[in-house]
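See below for the structure under consideration.
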Amino acid sequence: AHRRKEERTAVDDNVYVVINTQPEMMGQMVEISSTGMAFTFVDLDAVSQRLNGCGDLRMDFFAAGKGYFIRDLPARLVSAVDTSSSNAISSLMIKRIGVEFVTMSLCQQVQINSLIRRQNGRHAVAVSVPQSA
């Protein structure tokens, strides 16, 4: 089993992920850490086949109403897409996939960390904790 180096934080904001497959695909971020993230997407037009064929991905993240905030982030797949047998009923399959960030720029690391902090802030209990300087 693949042990994660970092705990993942659940993402409450509507953060969308655009991946440079041909053609591009889009998903919604579910959780993130400083080393990777998971997102869900609707498996239309054999998206999962395109993804599984990709070793190296480039991703853009943007938040609804906030515009793009991370562009061209390099990543690689860590969890292959669970392609369940498609019945007629489940023709609209929601899939979940995990990626690991690779060789980010310092700027991208800062942006990832601020995204994580923003999500953690939402989960924080409303108790005022004295900040250590």
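We count residues from 1, following the sequence as given.
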Does the side chain of Ile112 come within less than 4.5 Å of Phe61's, by heavy atoms? yes
Qualifying residues under salt bridge (charged side-chain N to carboxylate O under 4.0 Å, His left out), relative to Asp72, sequence neighbours excluded: Arg58
Is any side-chain heavy atom of Val17 closer than 4.5 Å to a side-chain heavy atom of Met37? yes
All heavy atoms of Met29 vs all of Leu115, minimum pair found to be SD-CD2, 3.9 Å
What pair of heavy atoms forms the shortest contact from Ala63 to Arg118, and how long is it? CB-NH2, 4.4 Å
Could you give the distance from CG (Leu73) to CD (Gln109), rounded to the nearest 0.5 Å? 9.5 Å
Sorted by chain and residue number, the side-chain contact (heavy atoms from CB on, under 4.5 Å) partners of Gln111 (sequence neighbours excluded) come out as Ile70, Cys107, Gln108
With Val102, which residues qualify under side-chain contact (heavy atoms from CB on, under 4.5 Å), at least two apart? Pro74, Arg76
Qualifying ring pair (Phe, Tyr, Trp, His ring centres under 6.0 Å) pairs, either residue in residues 14-34, two or more places apart: Tyr16-Phe62
Looking at every non-hydrogen atom in both residues, tell me the closest pair between Ser34 and Met104 and how far apart they are. O-CE, 3.5 Å
To the nearest 0.5 Å, what is the distance between CD (Glu7) and CD1 (Ile32)? 14.0 Å
Residues Met59 and Ala75: closest non-hydrogen pair is CE-CB, 3.4 Å
Check the pair Ile19 / Phe41 against side-chain contact (heavy atoms from CB on, under 4.5 Å), numbers first and verdict last. CA-CA 11 Å; Ile19 296 190; Phe41 62 96; over 6 Å; no
Keeping to residues at least two apart or across chains, list the ring pair (Phe, Tyr, Trp, His ring centres under 6.0 Å) pairs with something in residues 95-118. none
side-chain contact (heavy atoms from CB on, under 4.5 Å) filter on Val30, not counting sequence neighbours, yields Thr40, Arg96
Working for side-chain contact (heavy atoms from CB on, under 4.5 Å), residues Val99 and Phe39: CA-CA 8 Å; Val99 300; Phe39 65 96; 4.1 Å; yes
